[in-house]
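Each remark here refers to the structure printed beneath this line.
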2 protein chains.
Amino acid sequence: MARDGKPTRDKILAESKTLVFENGFSGTSIDQILERTGITKGAFFYHFKTKNALAQALIEEFARDDIGHMQEALQKAGELHSDPLDRLLQFIQEFVDMMSDLTDPPSCLYASYTYEPSQFKPEILEFISETLLTWRKTFEQLLEDVLKEYNAKVEVDIAALANLFTVIFEGSYVVSKALNDPALVSGQLAQLKNYFQLLFEKK
Amino acid sequence: MARDGKPTRDKILAESKTLVFENGFSGTSIDQILERTGITKGAFFYHFKTKNALAQALIEEFARDDIGHMQEALQKAGELHSDPLDRLLQFIQEFVDMMSDLTDPPSCLYASYTYEPSQFKPEILEFISETLLTWRKTFEQLLEDVLKEYNAKVEVDIAALANLFTVIFEGSYVVSKALNDPALVSGQLAQLKNYFQLLFEKK
DNA sequence: AAATTTTTACAAACTAGTTGGTATGTTTAA
DNA sequence: TTAAACATACCAACTAGTTTGTAAAAATTT
């Protein structure tokens, strides 16, 4: 190895992500990325064969961080509570805390890509789908554990309940951005906590 | 008036909306619009001075329909129920019904624009913000009416509760698209109904 | 009511600038 | 000195937007 290319690659990824959230993916030109990073076209295409390869690297990094947060919260909730409902509520609380002092509205790359799907190779969209399904499965497990010791006061669809977490996350991001209200996100997640608190009663 | 240009204009708007949901706004070229509509550049720029003027017309039409649905549901809920909680639940049920037999995942232009904000003039983004606030105000009114006759079982933030409707709508659109599951939307709105049913008890 | 003028609603061809991507070099560190 | 990590210059295709022209309907005049 000659010079270390990782700082350059990381810089491309970081600045690209910011740009994609501002302009969308197809609205982000490679020239813009070069401007922000201070590198040249040769450097860019050394690290990424095509613009779509950048898209793929971006979403993979985003998903890695995302799933990382999920597992951290899962572990913390498991450590703090043995009761399955407390664990579920703590899991949500972890994200309420995480989102409680944002200075800017957050953005999700899944949503960004989902609203211009034709720009990406099918495998990228499938990867997003699979990542969201990972979230759902995790949440389904948490819910099933709850249902062993709790009854639901109204009839519930477990899959729908499990999706609700991601739905509120994605939705609160959109609305938070549209209203320029970063604090909105944690407030919405708190509603989900309320819902579960109201829904389940000890057997 | 000479020849009637309205059919042409409407065709541009309809095809453009479809294209924007496929490619994003900046990913949609005017040439693509011309291909789909079968018109020429002269015709396009006769009806819309700039591409951004199209963006504005698109969002205004979308918001008009959107607010229209809101008022329809509001009226119907008001006709069917005098009890404020029943009215609130019926209001949501109207949208559950509306979304219950989708064949494709739906899309929202607010979210689409929000994830490439730099492409639009500030007034367009403000217009989106104001439209979402209209939703919130309507929902706040419904909730306040409920709280006159009902108590909330847990402490609630009315603004957060009012936002939750839009949040679940936007979020379910994103997740529905990402998972290619059109049925998901109505299932998520049903959760919101559950929440309110559990939350309020007669004074 | 017939002839003329004006306006609307387009069509076709063009332009200046931008796009993603490439070909060919140069630098740098092991 | 060799391969990795860039830099420079370039290109064909595409971009939004413009220019110029024209058919037809509506408005105005005769």
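Just so you know, these numbers use all the heavy atoms, side chains as well, and skip hydrogens, waters and symmetry mates. The sequence lines fix the lettering, A, B, ..., with proteins before strands; numbering per chain opens at 1.
In this structure, the CD atom of B:Gln32 is 14 Å from the C1' atom of C:dT19, given to the nearest Å. Rounded to whole angstrom, the span from the CZ atom of B:Arg9 across to the C1' atom of C:dA9 amounts to 14 Å. The distance from atom CD of A:Gln119 to atom P of C:dT19 is 14 Å, rounded to the nearest whole Å. Residue A:Asp31 contributes atom CG, which lies 8 Å from atom C1' of C:dT18 at whole-angstrom precision. Rounded to an integer number of Å, the gap from A:Asp10 CG to D:dA5 C1' is 15 Å. In this structure, the CD1 atom of B:Ile30 is 5 Å from the P atom of D:dA16, given to the nearest Å. Atom CZ in B:Phe44 sits about 17 Å away from atom P in C:dA12, given to the nearest Å. Between the CG atom of B:Leu34 and the P atom of D:dA16 there is a distance of 9 Å, rounded to whole Å.
Open room surrounds CD on B:Glu35; 12 or fewer heavy atoms of other groups in view lie less than 6.0 Å from it. The local environment of NZ in A:Lys137 is sparse, with at most 12 non-hydrogen atoms from other residues, nucleotides or ligands closer than 6.0 Å.
For a distance-only test at 3.5 Å, the side chain of B:Lys51 fails to qualify as a donor-acceptor partner of the base of D:dG17. Counting atom types as modelled, B:Lys41 pairs a side-chain N or O with a base atom of D:dG17 as donor and acceptor under 3.5 Å.
Within the structure, a side-chain polar atom (N or O) of A:His47 is placed less than 4.0 Å from OP1 or OP2 of D:dC6. The side chain of A:Thr50 places no N or O atom within less than 4.0 Å of a non-bridging phosphate oxygen (OP1 or OP2) of C:dG20. A sub-4.0 Å separation between OP1 or OP2 of C:dC10 and a side-chain N or O of B:Tyr46 is absent. The side chain of B:Ser29 places an N or O atom within less than 4.0 Å of a non-bridging phosphate oxygen (OP1 or OP2) of D:dT15. An OP1 or OP2 oxygen of D:dC6 is reached within less than 4.0 angstrom by a side-chain nitrogen or oxygen of A:Thr8.
Remark: the backbone N or O of B:Ser107 is not paired with any side-chain donor or acceptor of B:Lys177 at under 3.5 angstrom.
A donor-acceptor pair shorter than 3.5 Å can be found between the side chains of B:Tyr150 and B:Asp83.
When side chains are defined from C-beta on, A:Phe91 counts as touching A:Met70, because their heavy atoms get closer than 4.5 Å.
Listed candidates were C:dA11, D:dA16, C:dT19. Nearest to the side chain of B:Thr40 is C:dA11. Between C:dG21, D:dA7, C:dT19, one nucleotide has an atom nearer to the side chain of A:Phe45 than all others, and that is C:dG21. Among the nucleotides C:dT19, D:dC6, C:dA11, the one closest to any side-chain atom of B:Ile39 is C:dA11.
Contacts of A:Ser26 with the nucleic acid, taken as non-hydrogen atoms under 4.0 Å apart, are absent.
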